[in-house]
Amino acid sequence: MQHHLSEQEIIRRENLQELRNLGLDPYPAEAFPVNILAATIRALYDPEAGNFQDVCLAGRLMSSRVMGKASFAELQDSSGRIQLYISRDEICPGENKDLYNIVYKKLLDLGDFIGVKGYAFLTKTGELTVHVTELKLLSKSLRPLPVVKTRVNEETGETEVYDAFSDPELRYRQRYVDLTVNAHVKETFLKRSRIISAMRRYFDAQGWLEVETPILQPVHGGAAARPFATHHNTLDMALYLRIANELYLKRLIAGGFDGVYEIGKMFRNEGMDRTHNPEFTSMEIYVAYKDYEWMMRMVEECLETIAREVNGVTTVQIGENAVEFAGPYKRLSMFEAIQTYTGIDVSDMDEAQLRGACRQLHIETDPSMGKGKLIDEIFSEKVEDHLIQPTYITDYPVEMTPLAKKHRSKPGLVERFELFVNGKEIANAYSELNDPIDQRQRFEEQLQLAARGDFEAMAMDEDFLRALEYGMPPTSGLGIGIDRLTMMLTNQHTIQEVLFFPQMKPEKAQGQEEDATE
RNA sequence: GAUUCCGUAGCUCAGUCGGCUAGAGCACUUGACUUUUAAUCAAGGGGUCCUGGGUUCGAAUCCCAGCGGAAUCACCA
């Protein structure tokens, strides 16, 4: 249904028709022979050499200052903006001045895609400018973009922004507008893309294989979370959108691959906030014949490489903190960390003693919590916030971690680490449990937790157990939350700022059917 | 899910002890101007004050409900 047109939209549609009446196609089909980006000219123009004398570029018309028979305008392409100088007699060499007087001055609107040919020069105020010799409309814009203006304050030297397009709802719902008018937004997403490609390059260079595993899973396993449920009509069976891919990747290690990794979406039917979106991107990797000690060294090298490739340096400013991603990272066992920040030694406590410790620390508990969960509560309440510089927390209680191998020397613990940066977990890794009998027992303990009311307890996966029974080599596995990592490396503090299209409520509540899934 | 705050022009925002025709800047329209740059100058148009009820002689303003959003808190990455 057509929305109510504003005055400015009506004018743009009239301009569109007027262009057609003049025989100009507002949406021409043919390619435009772009040969340069604005940023390239800006970086390499040399007034002495007089280079860039035959440029052809295209983008949106973002501002226009008409001064009679000459105009200055700004063109914005994928790389940024550059000023245009448009002189009437230059683009209209003959008697007919319509292209300038009518098409350019009256029928073009801000936001239109145009193509120009011309040559670079410096104006007498020193602004790098493309002197336009040819001008062509490439695509008409029918809605006005927000006009964001900036000025450099001469006293402070800071760039001041006027009329910023800043409403988060509008920015997320209309990301195309956000990307067009807010240059820093584009920068964040470019970095996100570079983070993923740098990670992929690093893994590929080690000879590990990128794989894809099912998103639709009959048994949701590999993590503690509530899934989205769906239904396959032909098979007439329940399927779940994956909450993790861990158990499938380990099947592939059992199948004989030395290293496999997957970068992909996971789906969890849980709350949404500044750090959680229902679908998010995770990287999981499994490497045979390795352990979690080896994995810690690998993660250090990998993150240092990524930080360097994305930001050029290994130090990242995250809010108030300068975080150093070059390894080696500090290591603390979970019990050491709790002792350090609470003064309490929980290493030998039973469930009742742990409840007492929680009371002492003013941490709420409920009866469904087992020993592992109680320790986890103390840790997240009292320790996490202190872990600013990259820190490995190692050796978790076995109750918390049903898929990790028991510690080689510390009874009751597993060989697991999580990496914390700026008070948040960004990686989780184990020496993977490959003893099928132990694994079956762990699943059974999870079933008991589920019976006590823990919704997040894992389900038994018989096929995975069958794979382990055939045999899986000793393996170390790692998961990294790509969105969280991106937030850190780009200094963004909401997940919505690193997702192009964060999940939102429907735009119009009226006339929308609510799904009866609650 | 809980609490607090917000919703006025295309954009950013003023405007509430309830009171005349709801304002500003940018954007838009008309005109002037051949090296400007938040271009300038002159004139002009543009509003479901989120929606629906209520109180009142009178509601953008007060009350109730709803919708949408933000922040903080709780849980999962």
Side-chain angles (χ1 to χ4, degrees), chain A residues 4-12 14-15 63-74 81 83-90 100 105-106 109-111 121-129 131 142-153 159-174 177 181 223-227 243-244 265-284 364 366 373 376-377 380-381 418 424-428 455-456 479-485 487 493-496 504-510 512:
Chain A
H4 176 74
L5 293 179
S6 69
E7 179 198 30
Q8 294 190 41
E9 289 173 294
I10 292 166
I11 289 165
R12 283 170 184 242
E14 288 168 358
N15 289 347
S63 73
S64 175
R65 297 181 288 278
V66 178
M67 295 150 60
K69 299 180 187 68
S71 299
F72 287 94
E74 278 179 297
R81 293 190 184 190
Q83 177 165 273
L84 306 178
Y85 175 73
I86 300 162
S87 139
R88 185 193 68 180
D89 296 333
E90 200 87 32
Y100 184 79
K105 278 171 67 175
K106 300 212 186 297
D109 293 294
L110 299 188
F121 78 110
L122 291 180
T123 65
K124 64 186 182 189
T125 56
E127 179 78 12
L128 174 58
T129 302
H131 190 126
L142 295 183
R143 288 180 187 247
L145 288 166
V147 179
V148 179
K149 296 197 171 190
T150 59
R151 179 177 65 175
V152 177
N153 186 312
T159 301
E160 297 173 347
V161 179
Y162 296 81
D163 300 336
F165 180 64
S166 57
D167 181 333
E169 181 183 5
L170 289 173
R171 289 183 48 234
Y172 303 153
R173 288 195 194 282
Q174 302 182 36
V177 175
V181 303
R226 298 175 73 169
I243 57 173
K265 286 285 182 71
M266 304 297 155
F267 307 85
R268 297 189 182 175
N269 204 344
E270 296 173 339
M272 294 163 55
D273 62 23
R274 181 158 35 90
T275 55
H276 298 87
N277 196 65
E279 56 184 283
F280 63 100
T281 302
S282 130
M283 188 296 302
E284 291 210 20
E364 289 182 22
D366 72 65
K373 190 91 180 164
D376 191 38
E377 283 295 316
S380 28
E381 285 291 318
E418 291 188 311
K424 301 272 173 5
E425 179 207 333
I426 61 166
N428 182 21
F455 286 108
E456 297 171 344
I480 292 180
I482 296 293
D483 311 286
R484 297 259 174 103
L485 178 64
M487 284 167 64
H493 75 291
T494 74
I495 199 170
Q496 287 81 11
M504 308 208 39
K505 289 187 183 176
E507 203 164 344
K508 279 172 187 161
Q510 303 94 327
Q512 299 269 348

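Note that these values count all heavy atoms, side chains included, but never hydrogens, waters or copies made by symmetry. Just so we're on the same page: letters track the sequence lines, and every chain starts at 1.
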For [N] versus [M], give the span between their [atom1] atoms, rounded off to a whole number of Å.
N: rG66(B); M: rU29(B); atom1: C1'; value: 39 Å
N: rC57(B); M: rU51(B); atom1: P; value: 24 Å
N: rU61(B); M: rU55(B); atom1: C1'; value: 14 Å
N: rA22(B); M: rA38(B); atom1: C1'; value: 27 Å
N: rG19(B); M: rA59(B); atom1: C1'; value: 10 Å

Across all strands, who's sitting opposite [N] as a Watson-Crick or G-U wobble pair, both distances under 3.5 Å?
N: rA2(B); value: rU72(B)
N: rU21(B); value: none
N: rC41(B); value: rG31(B)

Is the distance from OP1 or OP2 of [N] to the nearest side-chain N or O of [X] less than 4.0 Å?
X: Arg65(A); N: rA38(B); value: no
X: Lys106(A); N: rG31(B); value: yes
X: Arg226(A); N: rC75(B); value: no
X: Arg12(A); N: rG10(B); value: no

By the 4.0 Å heavy-atom rule, please label Glu14(A) as base, sugar-phosphate, or nothing.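 No contact.
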Closest to side chain of Lys124(A), choosing from rG10(B), rC11(B), rU35(B):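 Of rG10(B), rC11(B), rU35(B), rU35(B) is nearest to the side chain of Lys124(A).
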Establish whether the base of rU35(B) is bridged to the side chain of Glu127(A) by a donor-acceptor pair shorter than 3.5 Å.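 Side chain to base: no pair below 3.5 Å.
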Kindly indicate whether the side chain of Asp273(A) and the base of rC73(B) share any N or O donor-acceptor pair separated by less than 3.5 Å?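 A donor-acceptor contact between them is absent.
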Does [X] reach the main-chain N or O of [Y] with its side chain, forming a donor-acceptor pair under 3.5 Å?
X: Glu270(A); Y: Arg226(A); result: yes
X: Tyr85(A); Y: Phe121(A); result: no
X: Gln174(A); Y: Arg171(A); result: no

rA77(B) base stacked by Phe280(A) (centroids within less than 5.5 Å, tilt under 30°):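 Here Phe280(A) meets both the 5.5 Å and the 30° conditions.
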Asp483(A)/Asn277(A) under side-chain hydrogen bond (donor to acceptor under 3.5 Å, both in side chains): CA gap, chis, key distance, verdict: CA-CA 10 Å; Asp483(A) 311 286; Asn277(A) 196 65; over 6 Å; no
Contacts under 3.5 Å, N or O only, protein and nucleotides 21-26 of chain B:
from, atom 1, to, atom 2, distance (Å)
rG25(B), N2, Asp163(A), OD1, 2.8
rG25(B), N2, Asp163(A), OD2, 3.0
rC26(B), O3', Lys149(A), NZ, 3.4

Take the protein atom CD of Gln83(A) and the nucleotide atom P of rA39(B), then report the distance between them rounded to whole Å.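 Interatomic distance, CD of Gln83(A) to P of rA39(B): 10 Å.
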